[in-house]
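First listed ligand is number 1; within each ligand, the first listed atom is number 1.
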Amino acid sequence: MSAPLLSTHGLVARYGDFQALYGIDFEIAAGEIVALIGANGAGKSTLLKSIMGLLRVAPDMVKLDGRPVGGTKPHRIVAEGVAIVPEGRRLFVGMSVIDNLRVAIDHAGRPAANGWTLERLYGLFPMLKEKQAVPVQSLSGGQQQMVAIGRALLSQPRVLLCDEISLGLAPKVVKEIYQSLPSISEAGTAIVLVEQDIGLARATSNRLYCMLEGRVSLTGRSAEISREAIGEAYFGGA
Ligand code: ATP
């Protein structure tokens, strides 16, 4: 792998007295798609939150381009080029599709260096153009997810963190969303995919990490890891 764009080093994270992560070493290079799998409560969302500066972590535990950024405030991390599509989407209800997208354009800390413009986004998800004046709450779950992905892309991320973007969506729309991911990564944006559907995660990613009880239980190239190895790493050995 080429030099990592984003990495974590012995990352530990807590919620008060409860330790959720026990020394996570993770890395992703520009243009890669890396899946993060694991059972409920394994710590996947906590890892994303730690990277985004939503949990207190030491500076050296998260690096971007080799520079320590752990504990940097979320808006600064976004400005540095990391964006998240959060679990549950968190759109601005009551606002139209275009206004949800404009929030990201207005708050992008960087110019459109990565080239994500509304026009390019409309090329990726034509629905966004058709429905631009529609309030987001009247869209289907899949359409709302496209708004959430679009909003993240318009902040010009070099790394896009996606937290369970297929959850609760119809298979047809999951397919449409997942088919859009290679064109995002091929343009250089690294994608971290937290995904419950192991088959989908494996088929879409270059590499994967499996987490178990706050630790990495398996990592490697997705095409080279057997189902059996994933099963063991997912549920833990006897
Ligand atoms: P899921 O698929 O359910 O989202 P996950 O792998 O993303 O699972 P996390 O949400 O990161 O798991 O949770 C890791 C651990 O931290 C779990 O034991 C969970 O109960 C705990 N946890 C998560 N959020 C909090 C919180 N706000 N306060 C206390 N404990 C939390």
**Study point:** Nearest non-hydrogen partners of L101 and R151, listed with the distance
**Key:** CD2-N, 3.5 Å
Check your understanding: Between E80 and R67, is the closest basic N to carboxylate O distance under 4.0 Å?
Key -> yes
Exercise for review: Say whether, by atom type as modelled, one donor and one acceptor occur between the side chain of T189 and the main chain of P157 under 3.5 angstrom.
Suggested key: yes
Check your understanding: Under 4.0 Å between a Lys/Arg side-chain N and an Asp/Glu carboxylate O for R158 and D65?
Key -> yes
Exercise for review: Write down, by chain and number, every protein residue that brings a non-hydrogen atom to less than 4.0 Å from an atom of ligand 1.
Suggested key: Y15, F18, A20, A39, N40, G41, A42, G43, K44, S45, T46, E87, E164, Q196
Exercise for review: Please lay out, stage by stage, how Y209 and R207 fare under the test side-chain contact (heavy atoms from CB on, under 4.5 Å).
Suggested key: CA-CA 7 Å; Y209 288 76; R207 290 186 303 119; 3.3 Å; yes
Check your understanding: Which atoms form the tightest heavy-atom contact between E213 and Y22, and what is the distance?
Key -> O-CD1, 3.9 Å
